[in-house]
Amino acid sequence: MSAETFYVTTPIFYVNDAPHIGHGYTTVMGDILTRWHRQRGESVWYLTGTDEHGQKVLRKAELNGVSPQEWVDKLVDDEWRPMLETLDIANDDYIRTTDQRHIDGSKAFWQALYERDAVYKGSFEGHYSVGSEEFVGEDDVVDGEGDDEGFKVSKLDGSRVEYMSEENYFFRLGDYQQKLLDFYEANPTFIQPESARNEVISFVSRGLRDLSISRSTFDWGIGVPWDDEHVMYVWIEALLNYVTAAGYGVDDERFAQLWPANIHIVGKDIARFHAVIWPAMLMAAGQPVPHQVFAHGWLLVGGQKMSKSKANGIRPDEIVDTFGSDAYRYYFARALTFGSDGSISWEDISARYHAELANGFGNLASRVAAMIGKYFDGTLPAAAELTDAELTVTDTVAEAVRAADEAIEAVAPQDALASIWRIVDELNGYITDQAPWKVAKDAATDEAAAARLATILNTTAEGLRVLAVVLNPVMPKASAVLWESLGAEPALGALADQRIDAVAAWGQLAAGSIITKPSSLFPRIETTETA
RNA sequence: GGCUGGGUAGCUCAGUCGGUUAGAGCACACGACUCAUAAUCGUGGGGUCGCGGGUUCGAGUCCCGCCCCAGCUACCA
């Protein structure tokens with residue numbers, strides 16, 4: 001394996017949540033990115049997983065009368081791993097924070113922090129909710145009303161809180177303010193997009209306090225290596241998944257190859273943890289920091305923010321059941337600007353599905369295959385002389401592929417798809433202009449017309465070949481069907497092995513290949529739902 | 001309150017360093033075509049660029065003020 005591995009991560013998702021389209025969004029974007037990089041011929045590693053410790057999980061398990069381990073096993077099996085299947089995610093690894101490798105690696109990391117004097121024992125003070133047995137953040141504490149008049153209450157569940165202190169281990173985050181600011185300055189693309197970078201810098205500039213990183217009131221967590229009384233605070237432990245999955249503390253060779261990560265994809269709500277606490281911890285432990293933290297925006301559903309605490313959560317499989325995983329992947333990549341907030345709606349998904357996937361792309365594949373079937377008995381004809389019309393097609397294709405690759409490099413899948421769609425539009429226009437059905441009328445008696453017809457259909461088939469390859473990272477299922485229908489594999493090999501940098505070279509499909517008309521790539525869907 | 005984004009066509013969004021008549025897709029209307037999934041191609045209508053001032057030969061773009069939306073302002077994750 002090469003020394004340079006393109007290592008991409010999603011956040012590990014908290015098992016207590018039900019998977020919703022936001023989780024799916026993050027995971028799909030990472031998958032598109034990594035599949036594209038694989039087709040560039042790079043060594044790639046894509047990690048996702050689940051965050052399974054903490055008091056909330058423990059409490060939920062108790063409520064359900066099972067052990068926390070049984071509880072998380074069930075959630076992972078019933079909810080989280082199936083989401084990856086639903087969305088056709090090709091992750092290389094799946095880490096669970098209950099994995100032994102994570103437990104061992106986390107302890108090793110803490111030991112390193114301890115030995116480097118980055119951790120000390122202190123006392124954590126804050127508003128503690130006895131009812132829910134946890135500390136409540138300052139923002140979530142309000143003055144009580146009615147029966148709670150005169151008390152402070154938690155905004156989260158309305159329970160009374162009192163000011164308490166607890167012995168905890170602390171991380172010397174306060175020491176890292178200037179180091180982090182210097183780091184951001186020297187690495188302007190460490191946090192993207194700019195809006196997230198601004199907020200992080202502004203946050204750090206206001207000053208950093210040391211961070212409480214252990215808990216001693218419950219035990220569903222990883223023990224602090226030198227103190228049995230404490231478990232690691234779940235957030236701090238969760239961040240460690242990125243290194244423990246890469247072999248930290250248990251497999252040095254693997255770790256050296258994977259770390260540091262190239263991109264941590266996160267929602268903007270957790271950008272700060274990844275862009276402030278995480279690099280500081282890595283610096284403290286003497287490890288290199290990741291190349292980039294990319295914070296994506298909120299999904300606005302019907303004008304409302306999509307979030308795990310709101311009832312407007314939509315499950316990924318609701319969309320996939322109707323439109324399929326390819327359409328899900330396409331929609332989120334195409335319709336939203338990665339990094340900005342964006343609106344989504346059922347109507348918009350349906351509109352884009354029909355206009356872009358069914359009418360634009362799917363129908364293109366249909367009409368080409370149908371004509372090769374009708375005029376050449378399903379055998380791909382060789383092209384004769386290329387005219388200006390064909391050269392316009394090849395130029396458009398080459399330029400579109402180049403622009404798409406550049407867009408992926410800039411982590412802008414929406415731009416990549418916009419570029420790729422220029423190929424779809426060009427081919428549909430080319431076919432209309434060339435009107436092969438008219439040329440076909442003379443082909444039986446006119447040699448020039450026959451050659452022309454062959455050239456036109458060969459050109460469109462070549463265009464489809466390019467589309468299958470460059471759309472494979474986004475829509476692997478449809479691309480596979482198209483690859484099959486083009487009869488490409490015998491001459492060119494597996495679709496996933498087709499390289500982006502070679503795809504625009506013309507004339508790769510072998511003359512004589514068997515072209516079959518596929519069932520519709522994206523059949524029209526009669527929707528009555530207006531969710 | 002402070003800070004950061006944003007407000008452009010019915011909808012979703014582009015708009016570079018200030019420069020021609022403000023763009024795209026969808027939707028809508030009309031026309032062409034008949035290979036194709038009632039698909040495709042072309043043409044067209046549609047704008048007080050949040051509001052008010054200012055700078056400038058010229059402002060969606062720069063400056064000032066205001067309105068509205070979202071986010072951040074640390075230990076639920």
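No experiment lies behind these values; they were computed from the predicted model shown. Computation of the quantities below employed the complete heavy-atom set of this structure, encompassing side-chain atoms and omitting hydrogens, waters and symmetry-equivalent molecules. Each chain gets a letter, A, B and so on, in the order its sequence line appears, and its residues count up from 1.
As the counterpart of G25(B), C11(B) is assigned, both hydrogen-bonding distances of the Watson-Crick or G-U wobble pattern falling under 3.5 Å. Taking a pair to require two hydrogen-bonding distances under 3.5 Å in either a Watson-Crick or a G-U wobble arrangement, G71(B) pairs with C3(B).
At a threshold of 4.0 angstrom between heavy atoms, the contacts of Leu521(A) include nucleobase atoms, whether or not backbone atoms are also involved. Among the protein residues, Ala370(A) comes within range of the sugar-phosphate backbone only, with heavy atoms under 4.0 Å from sugar or phosphate atoms but none that close to a base. Within the 4.0 angstrom heavy-atom criterion, no nucleotide atom of any strand lies near Phe13(A). As judged by a 4.0 angstrom heavy-atom cut-off over every strand, Leu208(A) is placed among the base-contacting residues. As judged by a 4.0 angstrom heavy-atom cut-off over every strand, Gly267(A) is placed among residues making no nucleic acid contact. Using a 4.0 Å heavy-atom distance criterion, Gly429(A) is classed as a sugar-phosphate-only contact. Contacts of Asp433(A) with the nucleic acid, taken as non-hydrogen atoms under 4.0 Å apart, are absent. As judged by a 4.0 angstrom heavy-atom cut-off over every strand, Ile236(A) is placed among residues making no nucleic acid contact.
Ring-plane geometry between Trp220(A) and His53(A) is classed as perpendicular, the angle between the planes exceeding 60 degrees on a 0 to 90 degree scale with a lower cut at 30. The aromatic rings of Tyr353(A) and Phe323(A) sit tilted, their planes meeting at an angle between 30° and 60°. A parallel orientation is assigned to the rings of Phe294(A) and Phe338(A), their planes being inclined by less than 30° (bins at 30° and 60°). Phe170(A) and Phe124(A) have tilted rings, their planes meeting at an angle from 30° to 60° on a 0 to 90° scale.
Out of A74(B), C35(B), A70(B), the shortest distance to the side chain of Phe203(A) is found at A74(B). Here the nucleotide nearest the side chain of Glu199(A), chosen from U4(B), C41(B), U37(B), is U4(B). Taking the side chain of Thr337(A) as heavy atoms from C-beta on, and the options C13(B), C35(B), A74(B), the nearest nucleotide is C13(B). You'll find that the side chain of Tyr14(A) is closest to A77(B), out of A77(B), C75(B), A70(B). Nearest to the side chain of Asn363(A), among A74(B), A39(B), U40(B), sits A39(B). Among the nucleotides C13(B), C41(B), C33(B), the one closest to any side-chain atom of Ser343(A) is C13(B). Checking G71(B), U40(B), A77(B) against every side-chain atom of Trp235(A), the shortest atom distance belongs to A77(B). Of the candidate nucleotides U4(B), A77(B), G71(B), U4(B) has the atom lying nearest to any side-chain atom of Asn198(A). Nearest to the side-chain atoms of Trp437(A) among the listed nucleotides A77(B), C33(B), C75(B) stands C33(B). The side chain of Thr432(A) lies closest to C41(B) when the candidates are U37(B), A77(B), C41(B).
Going from the P atom of G1(B) to that of G44(B) covers 48 Å, rounded to whole Å. Rounded to whole Å, the P atom of G7(B) lies 10 Å from the corresponding atom of C13(B). Taking the P atoms as reference points, G25(B) lies 33 Å from C69(B), given to the whole Å. Of the C1' atoms belonging to G47(B) and U21(B), the separation is 13 Å, rounded to the nearest Å. Of the P atoms belonging to G65(B) and C3(B), the separation is 11 Å, rounded to the nearest Å. Nucleotides C75(B) and G23(B), compared at atom C1', are 47 Å apart to the nearest Å. Only the P atoms considered, C51(B) is 11 Å distant from G60(B), to the nearest whole Å. Spacing of P atoms, A22(B) relative to U61(B), comes out at 14 Å, to the nearest Å.
Between the C1' atom of C35(B) and the OH atom of Tyr430(A) lies a distance of 14 Å, rounded to the nearest Å. Taking atom CG of Asp210(A) as the reference point, atom C1' of C75(B) lies 12 Å away to the nearest angstrom. If you measure from atom OH of Tyr353(A) to atom P of U12(B), you get 24 Å, rounded to the nearest angstrom. In this entry the distance linking CZ of Arg197(A) with P of U4(B) reads 14 Å, nearest Å. At whole-Å resolution of the value, NZ in Lys441(A) and P in C33(B) are 11 Å apart. Between Leu417(A) atom CG and A14(B) atom P the separation is 16 Å, expressed in whole Å. Summarising the geometry, the separation between OH on Tyr330(A) and C1' on U12(B) is reported as 13 Å, rounded to the nearest angstrom. Rounding to whole angstrom units, CG of residue Asp269(A) and P of C72(B) are separated by 8 Å.
Under the 3.5 Å distance criterion, with hydrogens and angles disregarded, no donor-acceptor pair is assigned to the side chains of Asn458(A) and Glu462(A).
Not a single donor-acceptor contact under 3.5 angstrom links the side-chain atoms of Asn359(A) to the base of A39(B). At a cut-off of 3.5 angstrom, the base of C35(B) holds no donor-acceptor pair with the side chain of Lys374(A).
Residue Ser340(A) places no side-chain N or O under 4.0 Å from the OP1 or OP2 atom of G6(B). The shortest distance between the side-chain N/O atoms of Arg524(A) and the OP1/OP2 oxygens of A38(B) is not below 4.0 Å. For the pair Lys517(A) and U37(B), the criterion of a side-chain N or O lying under 4.0 Å from OP1 or OP2 is met.
For CD of Gln69(A), the number of neighbouring non-hydrogen atoms (other residues, nucleotides, ligands) closer than 6.0 Å is greater than 12.
With rounding to the nearest 0.5 angstrom, the CG atom of Leu464(A) is 9.0 Å from the CG atom of Leu521(A). In this structure, CD on Gln55(A) lies 9.0 Å from CZ on Arg215(A), to the nearest 0.5 angstrom.
Annotation: of the two residues near RNA chain B, Ala238(A) and Leu173(A), the 5′-most nearest-nucleotide partner is Leu173(A). In terms of position on RNA chain B, the residue among Asp348(A) and Leu357(A) whose nearest nucleotide sits closer to the 5' end is Asp348(A).
In this structure, Asp446(A) does not pair ionically with Arg452(A), as no charged nitrogen and carboxylate oxygen lie closer than 4.0 Å.
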